[in-house]
Protein chains: 2
Amino acid sequence: MPRSHSTHHHPPHADDAEPFTLEGLTESLRSKGLRMTGNRRAILQVLLQAEEPLGLEQIQSEAVRYARGGETPDFATVFRMMALLEELKLARKVNLGRASSFFELADSRHHRDHLVCTDCGTVTPLEESCPVETLERQIARKHGYTQVTHSLEFFGRCGDCSTGSPS
Amino acid sequence: MPRSHSTHHHPPHADDAEPFTLEGLTESLRSKGLRMTGNRRAILQVLLQAEEPLGLEQIQSEAVRYARGGETPDFATVFRMMALLEELKLARKVNLGRASSFFELADSRHHRDHLVCTDCGTVTPLEESCPVETLERQIARKHGYTQVTHSLEFFGRCGDCSTGSPS
DNA sequence: CCTTCAATTGCAAACGATTTGCTACAAAGC
DNA sequence: GCTTTGTAGCAAATCGTTTGCAATTGAAGG
Ligand SMILES: [Mn+2]
Ligand SMILES: [Mn+2]
Ligand SMILES: [Zn+2]
Ligand SMILES: [Zn+2]
C-alpha cells in the first residue's frame with residue numbers, strides 16, 4: 001500500500017465537499033497508478049486558476065506560465081489529460097454551443113452555469129447558486145442512476161449584439 | 001400577397017404558445033420567402049413525431065417514411081434544413097454529450113430536459129416540468145439579454161450499466 | 001399548361017476538431 | 001543508477017460538419 005504524505009486520509013473523490021487542490025488532485029492520480037508530470041501539474045494549475053471553462057488551446061497556451069523552461073505541452077497531451085480527468089470525473093466538458101470543447105474542474109468551486117451569447121460568443125458564468133443541484137439526487141433516485149451531474153447553459157443575444165441588428 | 005388556407009392569421013413565432021404544426025411551420029418558412037419541398041415536409045414530420053432529440057442520420061433515415069417514392073433526402077439537405085430551423089429559432093441543438101449533434105423542435109411540446117447515461121448512451125426525456133424556465137426571464141433582464149433559451153441535461157450511470165462494473 | 005427565376009438539392013470535396021499509433025522519454029520504486 | 005511502465009511529442013488518421021457548384025424544382029405569372 002502507498003504511504004501517504006498528506007495529513008488527511010481521504011483522497012478527494014469527484015463529489016468531495018472540499019475544494020480541489022493541486023495536492024489532492026495529484027494524490028487522486030497517483031492512487032490510480034498514474035504519474036504526476038510537469039505537463040500535468042501545469043495543466044492542473046491552469047484549471048485551478050480558471051474562472052470560466054477553457055478550451056484545449058487555451059489550456060495549452062496558459063500552461064506555459066507554470067511549466068519550467070516555458071515549454072507548452074503538446075496539444076495531444078492536453079487532450080489526453082482532459083480525457084483522463086473527465087474519465088475520473090475530476091473535470092467536465094461544458095457545452096458552450098461552440099464547435100470545440102471547453103472544460104472545467106468538477107468541484108463546486110469551479111462549477112457554474114453559463115450564459116452564452118449566440119452572436120458574439122461571450123460567456124458569462126452565472127453568480128446565482130445552481131438551481132438544479134438538489135434535483136440531481138431526486139433524479140438519481142427516481143431513475144436509478146448513480147454519479148449524476150448536470151450541464152445547464154442559457155443562450156441568448158447580449159445587449160451589444162442586440163443594438164443595431166434587430167434580428 | 002399569398003392567400004391563406006389556414007383559419008387563423010397569425011404565423012407561429014418561435015415562442016408561440018400553441019404547438020407547432022406542419023401547417024404553421026410551413027407558413028413560417030413561406031413568410032421568409034423560403035419554399036416548402038418534399039424533403040422539408042418529411043423532415044418536419046419526423047421532428048413533429050419525435051419523442052426525443054434526433055441526430056441528423058436518424059432524421060434522414062426516418063424521413064423515408066414521409067417521402068413519396070421512399071427516397072431519403074441527402075445528408076447535406078438534412079444538415080442545411082436543421083441549420084435553417086435553428087437560425088429561425090424553430091429548432092434547437094441539444095447537448096447529449098456525444099460527438100454529433102441532436103435536435104428538437106423549439107416548442108414546449110418538444111422541449112424536455114434529459115437524463116443521459118454516460119456509459120450506454122441511453123437518453124431519458126424527463127417528465128418533470130422544466131425547473132429553469134422561469135429563470136430565463138430573470139436572467140434575460142438581469143444581464144440585458146434577449147431571446148434567452150436554455151439547455152439542461154443530467155448525466156450519470158443507469159442501473160443496467162452500474163450492475164457488474166463497480167465504477 | 002408553359003415560362004421564368006430564385007431557392008433547393010445531391011454529390012463530392014474541403015474543413016476543423018478530435019483521436020490514435022508509434023517511438024523516444026522520463027517518473028517512481030528498488 | 002537501473003528497471004519498469006506510464007507519458008509526451010509528432011504526424012497521420014478519423015470523424016462530424018460545412019461548402020462549392022451544377023442540375024433540379026417550387027411556385028408565381030402569363
Ligand atoms: Mn449547475
Ligand atoms: Mn428545460
Ligand atoms: Zn453578444
Ligand atoms: Zn447505461
Side-chain angles (χ1 to χ4, degrees), chain A residues 1-5 26-44 53-61 63-64 66-88 91 93-103 121, chain B residues 1-5 26-44 53-61 63-64 67-69 71-88 91 93-103 121:
Chain A
M1 70 187 69
R3 75 223 147 117
S4 172
H5 289 295
T26 299
E27 185 50 30
S28 287
L29 295 181
R30 284 264 172 78
S31 72
K32 294 274 197 302
L34 303 170
R35 295 176 184 169
M36 182 48 52
T37 66
N39 278 337
R40 288 186 172 170
R41 207 181 338 271
I43 291 171
L44 287 175
L54 303 177
L56 293 179
E57 312 218 286
Q58 293 169 69
I59 295 171
Q60 178 185 33
S61 63
V64 181
Y66 302 97
R68 316 66 39 96
E71 297 177 1
T72 52
D74 189 82
F75 186 84
T77 299
V78 179
F79 169 80
R80 284 192 269 234
M81 176 61 165
M82 296 316 300
L84 181 62
L85 292 176
E86 221 189 335
E87 176 66 27
L88 298 178
K93 205 176 274 184
V94 177
N95 163 34
L96 298 183
R98 306 274 210 80
S100 56
S101 296
F102 289 73
F103 299 86
Chain B
M1 74 186 70
R3 74 225 148 122
S4 171
H5 289 295
T26 298
E27 185 49 31
S28 286
L29 296 181
R30 284 265 171 80
S31 71
K32 295 275 197 301
L34 302 169
R35 295 175 183 170
M36 181 48 52
T37 66
N39 279 337
R40 289 185 170 170
R41 208 183 336 273
I43 291 170
L44 288 175
L54 303 176
L56 293 179
E57 313 219 287
Q58 293 169 69
I59 295 171
Q60 179 184 31
S61 64
V64 181
R68 321 56 49 91
E71 297 177 2
T72 53
D74 189 83
F75 185 84
T77 299
V78 179
F79 168 81
R80 284 191 269 234
M81 176 61 164
M82 294 317 298
L84 180 63
L85 291 176
E86 222 190 335
E87 176 67 27
L88 298 178
K93 206 176 273 184
V94 177
N95 164 34
L96 297 184
R98 307 275 211 78
S100 56
S101 297
F102 289 74
F103 300 84

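Note on naming: letters A, B, ... go to the chains in the order of the sequence lines (proteins, then strands), and numbering restarts at 1 for each one.
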d([atom1], [X]; [atom2], [N]) in whole Å:
{"X": "B/Met82", "N": "C/dT9", "atom1": "CE", "atom2": "P", "result": "13 Å"}
{"X": "A/Leu84", "N": "D/dA8", "atom1": "CG", "atom2": "C1'", "result": "14 Å"}
{"X": "B/Glu87", "N": "C/dT8", "atom1": "CD", "atom2": "P", "result": "14 Å"}
{"X": "A/Asn95", "N": "C/dA17", "atom1": "CG", "atom2": "P", "result": "16 Å"}
{"X": "B/Leu44", "N": "C/dT8", "atom1": "CG", "atom2": "P", "result": "12 Å"}
{"X": "B/Leu29", "N": "C/dA7", "atom1": "CG", "atom2": "P", "result": "14 Å"}
{"X": "B/Ile59", "N": "D/dG16", "atom1": "CD1", "atom2": "P", "result": "15 Å"}
{"X": "B/Arg41", "N": "C/dT9", "atom1": "CZ", "atom2": "C1'", "result": "15 Å"}

Checklist entry - So which nucleotide from D/dG9, C/dA27, C/dG10 ends up closest to the side chain of B/Pro73? => result C/dG10
Item to check | Closest to side chain of A/Leu34, choosing from C/dT8, D/dT7, D/dG9 | outcome: D/dT7
Checklist entry - Would you say the side-chain atoms of B/Arg40 pair up with the backbone N or O of B/Arg35, donor to acceptor, closer than 3.5 Å? => result yes
Checklist outcome for this item: When the rotation axes relating C1' atoms of four end pairs to the next four are compared across the helix from C/dC1-D/dG30 to C/dC30-D/dG1, five pairs an end, they differ to 10° by 40°
Nearest 0.5 Å, what's the [atom1]-[atom2] distance between [X] and [Y]?
{"X": "B/Met82", "Y": "B/Ile59", "atom1": "CE", "atom2": "CD1", "answer": "4.5 Å"}
{"X": "A/Asp74", "Y": "A/Arg80", "atom1": "CG", "atom2": "CZ", "answer": "8.0 Å"}
{"X": "A/Leu54", "Y": "A/Ile43", "atom1": "CG", "atom2": "CD1", "answer": "11.5 Å"}
{"X": "A/Thr37", "Y": "A/Leu44", "atom1": "OG1", "atom2": "CG", "answer": "9.0 Å"}

[X] versus [Y], closest heavy-atom pair with distance:
{"X": "A/Gly38", "Y": "A/Arg68", "answer": "CA-NH2, 3.9 Å"}
{"X": "A/Lys32", "Y": "A/Ser28", "answer": "CG-O, 3.5 Å"}
{"X": "B/Pro73", "Y": "B/Gln60", "answer": "O-NE2, 2.9 Å"}
{"X": "A/Ser101", "Y": "A/Lys93", "answer": "OG-CD, 3.5 Å"}
{"X": "B/Gln58", "Y": "B/Pro53", "answer": "OE1-O, 4.5 Å"}

Using nucleotides 18-20 of chain C, report all nitrogen or oxygen pairs with the protein that are shorter than 3.5 Å.
unit_1 : atom_1 : unit_2   : atom_2 : d
C/dT18 : OP1    : A/Ser101 : N      : 2.8
C/dT18 : OP1    : A/Ser101 : OG     : 3.2

Show me the protein contacts with nucleotides 23-26 of chain C, counting only N or O atoms at under 3.5 Å.
none

Distance below 4.0 Å between [X] side-chain N/O and [N] OP1 or OP2:
{"X": "B/Asn39", "N": "C/dG10", "answer": "yes"}
{"X": "B/Thr77", "N": "C/dG10", "answer": "yes"}
{"X": "B/Thr37", "N": "C/dT9", "answer": "yes"}

Checklist entry - Do B/Ser31 and B/Glu27 have side-chain heavy atoms sitting under 4.5 Å apart? => result yes
Item to check | Heavy-atom side-chain contact between A/Leu88 and A/Leu29 under 4.5 Å | outcome: yes
Next on the checklist: Counting the atoms with a prime plus P, OP1 and OP2 as sugar-phosphate, which does A/Arg30 contact under 4.0 Å by heavy atoms, base, sugar-phosphate, or nothing?
Outcome noted: sugar-phosphate
